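Here's the structure, in structure tokens; my notes come after.
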Amino acid sequence: MIFGALGRKLSGLLLRRPVTLWHDPRYRLPLGGLEASVGIEPRRADFAAWWLTGSGAIPARALRAPKRIAVHRLSRVHTPELLESLGRPEGLASVFGADPSDVRVDELMDTIRLACGGTLGATRETLRTEEPAINLLGGFHHAGPNVAGGFCPVNDIAVAITAVRDRGFTGRVVILDLDAHPPDGLAACLEADPRCFIGSLSGSDWGPLPGVDETVLPDRAGDEPYLAALRGLLERAPRPDLAYVIAGGDVLAGDKLGRLGLTLAGARLRDLAVARWLDGVPQVWLPGGGYSSRSWRVLAGTGLAVATRSLRPIPEDYEPLIARFSGISAGLSQAELGDGTDLNMDDIEESLGLRPTRQRLLLGFYTAQGMEVALHRYGVFTHLARLGYRNFRLEFDREGAGERVRLFGTAVDLEGEQLLMELILEKRRCLGVPVLYVHWFSLRHPRAHFSEKRPRLPGQEVPGLGLALEAGTMMARMAIRLGLGGVVFRPSNYHVAYTSRKGFAFVQPERQGRFEALVRDLSSYPLAEATRLVAEGKVHLGDAPYTWEADEMVYWLRESPADAGEVERVKAVTHFTVVP
Ligand SMILES: [Zn+2]
């Protein structure tokens, strides 16, 4: 059960080593479409930080807040043309595979400059203390002096090395690039520095890279060949005075862009081998790439390897956002959320029939102000502000069988108030259990446009906000507070079910089995493409086109009555094919 993992502490069981952990909540890229279009987990740094500090592996006193890197430090490595291109939405959009309408230059540059500042701060501190440092965003190894791309706007490692060289550091630097892709940008930035050694293990062959000790492994090499190649690299590498490790999350099997196919245990063994090799050397660890929802587990595992040398896996049932929100929720009082206030003149006039009755309480509990407090504490308003919205206002009313919540806000560049979120909720029963029934749910990002990079998904009017996980987790918290046993909704399309499949499952095990078979058989397609294929009848079940079944999905908050055996049985015998 998901909530069983809460409060699980590792401290006391582990020998902790002194490390520093560099993190800022603004490490989350302020791009609403990233999760849907690239399959990236934009909360990766947050998730890893929450796990590492929450489990006790890294104490809160080891946390460091990065400062934004100064522009003059960037220009020691990059050309004015490159830096100028990052001042335009189109330039930044091309680096991150986003649509320019989704890019707010100042906010995105904040994230990038903080990450670079983190790498430099970590470098300076580890040189002073010789304690390992982990920066939870960085390792932008594709950025060259005049090139940005592949999620790498500037080269944080080259910028940090140049900065400490400028202050007189002359020691040997070793960069172990263990991201799944080659360090083309790093090689270009550092080619004039003879005291830099770059060693790399990749799963993609981009041709020869002068000055790099590179091993290209075959497709889906897996743990054993990878770890053998790593041992070879560590034997060849010189002894460093300062080391950088790009502990890429894209080595993991199932990554959208990396092809190495490592297990989580294999990635941990990688980090342990490197951590042991670097014992006593000033060292900075960086996450590099990672294009799957599970890449945060690689990053948190890196932190565990460096800080505790532990091989213990992170529990599969630990869901970082659920753990985080339940902690925040525990700090929200009934008086803050509900109707704990005294009657005012409006209430008295209303009760005397002197003014129309307002919809004051949502589900008999929440006031609009209480919901606003919750949205603020969960960080939703902060994220919306980074996407270009402000002046938030909640409104409750009735709609059909349910109660409607709408969140409005103004946009920095649009006229008038915009609808950002709409929910229609009802308390109802499912299999005899009282649940929170979600009739309608939409997240709207009216500032952003659909494009080739961000195709319209079936049922979408405007692009989404990238906050579906937060919204779903908040609904679960609401259901818990109201004493309900679950959250239920009907996914109108394949992509809605797909993005909800972490916590939610179809009520009927046989339907869940068919859904899991569909996910398995469409796994090689990007989500937007997969949902379009289903909506257009291009996916066949047997000889006939498959029609999407919008049956009820449920997220059980107590225990799941689902029959796992039946799910597996149906999944095994169900096969979908895509008809071109
Ligand atoms: Zn990569």
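It should be emphasised that the depicted structure is a prediction, and the values quoted were computed from it without experimental measurement. Both ligands and their constituent atoms are indexed starting at 1 by order of listing. Basis for what follows: all heavy atoms, side chains included, without hydrogens, waters or symmetry-related copies.
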Legend entry - Salt bridge Glu131-Arg17, side-chain N to carboxylate O under 4.0 Å: no
Legend entry - Lys/Arg-Asp/Glu bridge criterion (N-O < 4.0 Å) met for Arg236, Asp213: yes
Legend entry - Distance-only polar pair, side chains of Thr119 and Asn135, donor-acceptor under 3.5 Å: yes
Inset, instruction - Tell me which N, O or S atom of His181 sits nearest to the Zn ion (ligand 1). - result: ND1
Legend entry - the Zn ion (ligand 1) reached by His141 (N, O or S, under 2.8 Å): no
Legend entry - Aromatic centroids of Phe515 and Tyr498 separated by under 6.0 Å: no
Inset, instruction - Just to the nearest 10 degrees, tell me the angle at the Zn ion (ligand 1) spanned by Asp179 OD1 and Asp250 OD2. - result: 100°
